[in-house]
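To start, the structure under review is shown below, and the notes come after it.
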Number of protein chains: 2
Amino acid sequence: MRRARTFEDVLAEIERRIVADGLTPGDRLPGERRLAEQLQVSRSSVREALRVLETLGVVSSQAGRGPDAGAVLTSRPGDALTDLLRLHLGLSSLSMREVVETRMMIEQWSAGRAAGHATAEHLALLRAALANMERSGSVEEFVRHDAGFHLAIAEMSGNRLQAATMRALRAAVEGYAVEAVTRLGGTERLMAEHRAIYDAIAAGDREAAVTATTRHLTHTYPEISEP
Amino acid sequence: MRRARTFEDVLAEIERRIVADGLTPGDRLPGERRLAEQLQVSRSSVREALRVLETLGVVSSQAGRGPDAGAVLTSRPGDALTDLLRLHLGLSSLSMREVVETRMMIEQWSAGRAAGHATAEHLALLRAALANMERSGSVEEFVRHDAGFHLAIAEMSGNRLQAATMRALRAAVEGYAVEAVTRLGGTERLMAEHRAIYDAIAAGDREAAVTATTRHLTHTYPEISEP
DNA sequence: GTCCCCATATGGTCCGACCATACTGTGGTC
DNA sequence: GACCACAGTATGGTCGGACCATATGGGGAC
């Protein structure tokens, strides 16, 4: 058993305060010098702890003075997930197959949920994304709006964890997606598949939404399709 | 647009080296002092960058001398995910509902995959977990072995990202699970549900595995069941 | 050959200084 | 009185150096 490092104590104390004081995004933490004094540790240790919290998307630091300065609590789990995936993919401790597979799982689930409780605003967002896709002048642009469509569905699911994960997964497979679309040639069939997903969600038909999503992704990433 | 901080440059450079040199878990990074000299920055900045990488489960630092000392590349995405969930739950920027819902999604998916390609060793692991659950003397012990059962299924899916996520989700709902089992009274029905999942996986019946998993989780967390 | 101890390389912590940034209050100007 | 320029100040960002803690490896004593 290793003795806890100083910055880990700081980390634990900050986490304790967050829970005990019921802090939420928008609230501010004391300044680095003040925290160091309160906890009787050096400013370096406080800074390392804050760096960890920043990495996890829990705080955001801003120099200067005023209401927005200092360490402010935030909620950016997506950034942390994005970094996590990118680094582990780079390290080859995760494969593209695992990432795409996970994306497919979330998409199917979200599509089903979205079909369950889509509002008029949600549907308008999806239609806008579809229109943008149609107007795209390049594969990169198409993929970007494609991502917007799928992300909107993930957000419609009402589950922020899934939406954040989806965002991170999309970012991780960005280049891979461009390549996949290029390989497919035209975008006509892709557009039709997206419209089928939209229609199913708009109709509130969960089963059809899941099926359409599965068909779309299996077509786009045939090499990932389950055995 | 904010200028990149020094430690972010260091981070980018280390990531670049990982990709360019094809480094994988087990490889070592130069020492902090040496990195600082190479990149012409202070040791503090190098340390902050390493702290970030450690948080993301990519490096592990060890003092002393010898082959295991220094910053070694690792692959612990699960630890990062666990911290991420715990902190965001504490911050109320994620709800228990979202976490449990996600867990259900992964469990269903894993069960289906596991039924597809279970080996004799995998099945033996599951049987051992079941036996441990039966022998448990307390709710806490039961939940621990219960976690082992579900985790084994996630690992059988052959997707490390899902397995790591599952581990983090379990850790996040640990206390919640104990409470849920206590509320249910006895563990007889739970045991029967687990056996049903095992039987379906052993028989290679994917549909039955998914159905049994859904029934089990819906029973255990009725408040989460989809509308 | 074995054992012990010290040199050494590594991370961990602290301190103090200074820079960069951005608000805040003050005082002058019109 | 309204406005503007500027100095003051609180905040994070970076640096350099010192010293401590830990763990290994090698050399000397036996």
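In what follows, every chain begins at residue 1, and chains take the letters A, B, ... in the order their sequences are listed.
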Item to complete: Whenever both distances are under 3.5 Å in a Watson-Crick or G-U wobble pair, mark it; put DNA chain C into dot-bracket that way, with [ ] for crossing pairs and | when the partner is on another strand.
Response: ||||||||||||||||||||||||||||||
Fill in: Pairing residues for A:Glu32 by the side chain to side chain contact (heavy atoms under 4.5 Å, CB included) criterion, not counting sequence neighbours
A:Arg43, A:Val46, A:Arg47, A:Leu50
Worksheet, complete the sentence: B:Thr102 meets the side-chain hydrogen bond (donor to acceptor under 3.5 Å, both in side chains) criterion, sequence neighbours left out, with A:Gln162
Worksheet item: What residues form a side-chain hydrogen bond (donor to acceptor under 3.5 Å, both in side chains) with B:Glu155, not counting sequence neighbours?
Response: B:Arg167
Worksheet item: For A:Glu37 and D:dT11, what is the distance between atoms CD and C1' respectively, to the nearest whole Å?
Response: 15 Å
Worksheet item: In chain order, what residues pass the side-chain hydrogen bond (donor to acceptor under 3.5 Å, both in side chains) check against A:Thr119, with sequence neighbours excluded?
Response: A:Glu121, A:His122
Worksheet item: Mind checking what makes side chain to side chain contact (heavy atoms under 4.5 Å, CB included) contact with A:Thr55, not counting sequence neighbours?
Response: B:Val52, B:Thr55, B:Leu56
Item to complete: Spell out protein contact along nucleotides 15-23 of chain C as letters: B when the base is contacted, S when just the sugar-phosphate is, - when no protein heavy atom is under 4.0 Å; keep the 5' to 3' order.
Response: B-BB--BBB
Discussion item. Suppose we call two aromatic rings close when their centres sit under 6.0 Å apart. Are A:His145 and A:His194 close by that rule?
Written reply: no
Item to complete: Could you tell me which residues satisfy side chain to side chain contact (heavy atoms under 4.5 Å, CB included) with B:Arg97, sequence neighbours excluded, listed by chain and number?
Response: A:Asn159, B:Ser95, B:Glu101, B:Ile224
Worksheet item: Taking only residues two or more places apart in sequence, or in another chain, which ones meet B:Gln38 in a side chain to side chain contact (heavy atoms under 4.5 Å, CB included)?
Response: B:Arg17, B:Pro30, B:Arg34, B:Leu35
Worksheet item: Over how many whole Å does the gap from B:Glu32 atom CD to D:dG17 atom P extend?
Response: 17 Å
N/O donor-acceptor pairs under 3.5 Å from side chains in residues 66-77 of chain B, not counting sequence neighbours:
{"residue": "B:Ser75", "atom": "OG", "partner": "A:Ser93", "partner atom": "OG", "Å": "3.1"}
{"residue": "B:Arg76", "atom": "NE", "partner": "B:Asp79", "partner atom": "OD2", "Å": "2.8"}
{"residue": "B:Arg76", "atom": "NH2", "partner": "B:Asp79", "partner atom": "OD2", "Å": "3.0"}

Practice prompt. Take atom CD of A:Gln40 and atom P of C:dT13, then tell me their distance rounded to the nearest Å.
Written response: 15 Å
Response to the item:
Whole-Å distance, A:Arg34 CZ to D:dT9 C1', equals 16 Å
Worksheet item: Going by number, which of residues 45-60 of chain A have a non-hydrogen atom under 4.0 Å from DNA chain D?
Response: A:Arg47, A:Arg51
Worksheet item: Can you pull the salt bridge (Lys or Arg N to Asp or Glu O under 4.0 Å) pairs that have at least one residue in residues 132-154 of chain B, sequence neighbours excluded?
Response: B:Glu134-B:Arg195
